[in-house]
Number of protein chains: 2
Amino acid sequence: MNKKSATIYDISKKLNVSVATVSRALNNHPRISQATKDLVVKTAKEMNYKQNNLAKALKSGETKNVGIIVPYINTNFFSSVIRGIEEELSPHGYHVIICQSHEDINIEKRHLNTLLNAQVDGIFMSVSKTTIDTEHIRNILDTSNTPIIFFDRKKDISGISTVTIDDYRGGYMATEHLIKEGYKNICHFAGDLNLEIYQNRLNGYKQALIDNDLTVKSDNIISTGSSIDAGIEAIKKLWEKKSVPDAIFSSSDFAALGACQELKKRKIKIPQEVAVIGFSNEPFTQFMELPMSSVDQTPVTMGKIAGQVFLESVKENGAGVSIEKKVVLAPQIYIRKSSKRK
Amino acid sequence: MNKKSATIYDISKKLNVSVATVSRALNNHPRISQATKDLVVKTAKEMNYKQNNLAKALKSGETKNVGIIVPYINTNFFSSVIRGIEEELSPHGYHVIICQSHEDINIEKRHLNTLLNAQVDGIFMSVSKTTIDTEHIRNILDTSNTPIIFFDRKKDISGISTVTIDDYRGGYMATEHLIKEGYKNICHFAGDLNLEIYQNRLNGYKQALIDNDLTVKSDNIISTGSSIDAGIEAIKKLWEKKSVPDAIFSSSDFAALGACQELKKRKIKIPQEVAVIGFSNEPFTQFMELPMSSVDQTPVTMGKIAGQVFLESVKENGAGVSIEKKVVLAPQIYIRKSSKRK
DNA sequence: TTGTAGGCGTTATCAA
DNA sequence: TTGATAACGCCTACAA
């Protein structure tokens with residue numbers, strides 16, 4: 001009892017018309033009589049006909065599928081970007097395929113290949129932390145027409161559109177805010193500097209200090225990971241070194257959270273003695289014992305814009321041109337108790 | 001300058017062999033000379049040949065794609081389940097397509113149809129809150145062989161495998177824990193009772209009361225939504241009615257969070273005066289001012305098991321049989337400060 | 001070991 | 001307005 005779904009052949013046989021007629025009727029072709037159109041549509045419904053998009057895709061070269069590669073899907077940031085992409089593209093008939101790179105360049109390469117084999121119409125990606133060499137990506141540009149769009153974690157490759165937030169500005173804003181609150185010895189928890197986003201946040205931090213006549217001390221720039229533990233460790237080290245800051249701008253909410261936990265343990269008052277501001281505006285920041293300031297990356301918007309950039313590039317590609325877009329979104333700072341001294 | 005990728009025809013022409021030979025060489029067919037195999041593989045690489053899975057799928061009837069329909073992707077629970085499914089299926093060559101129903105049965109129906117049109121090999125879904133009638137789903141079982149697997153939010157439909165947690169037990173455990181801590185007037189924030197999961201949590205709550213000789217009062221069962229505001233409203237109403245409980249078991253972490261916020265505002269001490277325990281073990285629960293107890297649904301595991309159930313059902317389907325599996329996972333209770341009085 | 005040819009389900013071109 | 005047929009790229013009997 002195999003339920004094979006009906007094809008246009010089955011319909012054509014049943015109605016004694018050609019498959020071409022059936023196809024045209026189903027696709028609302030203009031030059032076809034209303035009578036046959038109605039008849040075909042009606043019997044198609046009766047026979048529970050379902051169009052086979054595979055065959056259509058093989059013919060047209062368009063699968064109406066796009067791929068997304070992210071390190072992990074179950075983080076607030078990435079799942080929100082994916083939500084934005086899905087919501088932008090779904091009304092246009094696209095399906096969204098997701099892949100996780102687990103921060104591993106080799107897995108990333110593999111996914112890139114299988115997505116290409118699957119004939120996706122476009123690929124959205126945020127590169128992994130271990131993606132230093134980008135030859136595999138540039139190679140795709142040379143050998144296929146599949147548009148690639150970077151979001152958030154981009155690499156500078158000509159021919160690839162990007163959608164990011166202005167991380168430099170985010171770092172600058174956060175730091176400037178701390179300065180305006182009267183903090184003078186501001187420490188930065190830097191993320192993985194292999195990624196541009198963290199590099200930019202650091203640069204924004206530095207420039208804000210300089211613009212406000214504060215010195216940039218290398219002792220105040222600590223390379224941490226993006227985990228709670230990393231934040232805890234960083235605080236431990238700072239206090240051991242007696243190199244105590246009066247404020248912390250962390251490039252990661254999780255590291256900032258770890259810092260808060262460790263500071264509390266040491267009975268150091270936030271924000272009176274030490275201010276803390278994070279980055280990403282993770283949901284938990286507003287529910288913390290002491291609501292934590294953070295910089296929002298507007299992930300859903302980022303996803304929607306990335307979707308729009310893709311749709312435009314598909315249109316342009318049809319017209320034979322391919323344009324490289326660089327969209328930079330404005331970060332939004334959320335000031336909460338953890339950094340308000342005044 | 002259109003970069004069309006090479007096909008096996010291009011390779012066959014270049015090497016003056018038939019496409020069949022090329023196909024066989026590429027697929028490591030046993031009856032083919034090592035020499036030609038090497039040659040074909042080598043030139044395929046040179047020509048940057050990429051297998052077109054579309055054509056393969058059209059022929060084989062297997063797309064190696066599965067669809068997932070969830071209300072929203074950017075929640076900790078659903079994105080974690082998706083992570084589990086992706087990690088289980090990716091090594092088997094499957095890609096995962098995600099769709100959001102936005103809690104709307106009509107969108108859900110549409111996605112179900114487009115996924116079927118896309119010839120996915122299976123569909124995972126958590127039904128929307130508005131999915132009361134299930135004819136559209138049962139209809140699929142009658143007209144196609146595509147296996148459907150419900151996770152978490154299931155409906156009772158024969159022929160469909162399900163992976164859920166034992167919500168009844170979760171509700172029972174949470175309530176029993178409160179009782180053991182000495183709370184006697186326990187209130188339940190019930191979720192949307194159209195969904196089995198919330199029904200089950202409620203039933204577990206009731207039975208735990210009964211088993212411990214406490215009376216089930218209808219005044220203590222409050223139908224709330226799953227939002228922070230819903231929790232705030234619920235507390236307001238309870239205190240207005242002077243029907244004050246000494247503990248709250250909420251079917252939602254967010255409603256529980258709202259309750260905590262409103263209780264704090266009213267200077268009611270947690271857990272001394274009122275205990276609170278939620279459901280889902282959202283990440284924020286452990287970072288709250290007062291870490292909140294909650295029942296964990298082990299979402300990543302749920303996704304992995306769902307993936308396994310799918311893989312088995314594909315194997316069985318090949319053998320001509322189709323078995324209906326009902327996997328029930330054990331919930332895990334996390335007891336934190338919000339419910340520990342002793 | 002290799003080649004020929006048909007078919008998967010559609011759409012589109014050319015004729016009628 | 002409709003029909004016949006080729007083509008999309010691949011796999012696989014069946015033949016050689």
Side-chain angles (χ1 to χ4, degrees), chain A residues 2-41 44 47-65 93 114 116-121 144-145, chain B residues 2-41 44 47-65 93 114 116-121 144-145:
Chain A
N2 222 15
K3 303 154 202 159
K4 287 208 55 178
S5 58
T7 71
I8 50 174
Y9 275 87
D10 300 324
I11 300 176
S12 89
K13 240 179 270 171
K14 184 156 195 172
L15 296 181
N16 265 319
V17 293
S18 74
V19 280
T21 305
V22 176
S23 173
R24 283 191 274 249
L26 257 18
N27 287 301
N28 231 319
H29 189 92
R31 282 204 293 270
I32 193 138
S33 78
Q34 192 61 41
T36 42
K37 196 182 291 184
D38 291 345
L39 184 63
V40 167
V41 170
M47 299 178 71
N48 212 290
Y49 168 77
K50 294 227 182 307
Q51 184 184 52
N52 186 329
N53 281 334
L54 232 52
K56 189 177 176 179
L58 180 59
K59 187 104 228 298
S60 69
E62 271 196 324
T63 54
K64 288 287 190 172
N65 283 158
T114 60
L116 252 20
N117 289 166
Q119 310 293 120
V120 292
D121 296 344
S144 95
N145 286 315
Chain B
N2 222 13
K3 303 155 203 158
K4 286 210 55 181
S5 58
T7 71
I8 51 173
Y9 278 86
D10 300 324
I11 300 177
S12 88
K13 240 179 268 170
K14 185 156 196 173
L15 297 180
N16 265 320
V17 292
S18 74
V19 280
T21 304
V22 176
S23 173
R24 283 192 271 252
L26 257 18
N27 287 300
N28 231 319
H29 190 92
R31 280 204 294 270
I32 193 135
S33 77
Q34 192 61 42
T36 43
K37 196 182 289 183
D38 291 345
L39 184 64
V40 168
V41 170
M47 298 177 73
N48 213 288
Y49 167 78
K50 293 229 183 305
Q51 184 184 53
N52 185 329
N53 281 335
L54 233 51
K56 189 178 175 179
L58 182 58
K59 184 106 234 294
S60 69
E62 272 197 324
T63 54
K64 289 285 188 173
N65 283 159
T114 59
L116 251 20
N117 288 167
Q119 311 292 119
V120 292
D121 296 343
S144 95
N145 286 315

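In the text below, chain A, chain B and the rest are named by the order of the sequence lines, each starting its count at 1.
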Minimum side-chain heavy-atom gap A:Y49-A:I8 below 4.5 Å: yes

Just wondering, do B:K14 and B:D10 contact through their side chains at under 4.5 Å, heavy atoms?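 The answer is no, as the side chains (C-beta and beyond) never meet within the 4.5 Å cut-off.
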
Identify the two heavy atoms, one from [X] and one from [Y], that lie closest to each other, and give their separation to 0.1 Å.
X	Y	value
A:M47	A:I11	SD-CG1, 3.9 Å
B:D121	B:E62	OD1-CA, 3.7 Å
B:L58	A:A55	CD1-CB, 3.9 Å

Give one of base, sugar-phosphate or nothing for [X], where a contact means two heavy atoms less than 4.0 Å apart.
X	answer
A:S23	base
A:T36	sugar-phosphate
B:K37	nothing

With a cut-off of 6.0 Å (strictly less than), are more than 12 heavy atoms of other residues, nucleotides or ligands near NZ of B:K50? yes

Please round to the nearest 0.5 Å and tell me the distance separating atom CG of A:L15 and atom CG of A:L39. 4.5 Å

Which nucleotide of DNA chain D is the first, and which the last, in the 5' to 3' direction, to come under 4.0 Å of a heavy atom belonging to chain B?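 Listing 5' to 3', DNA chain D meets chain B from D:dG9 to D:dA13.
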
Heavy atoms of chain B, cut-off under 4.0 Å: which first and last nucleotide of DNA chain C, 5' to 3', fall inside that, if you could look? C:dT1 to C:dG9

The residue, A:A6 or B:I32, whose nearest nucleotide of DNA chain C is more 5′ is B:I32

Position toward the 5' end of DNA chain D (nearest nucleotide), B:N27 or A:V17: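 Result: A:V17.
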
Restricting to pairs with a member in residues 51-61 of chain A, which pass side chain to side chain donor-acceptor pair (under 3.5 Å), not counting sequence neighbours? none

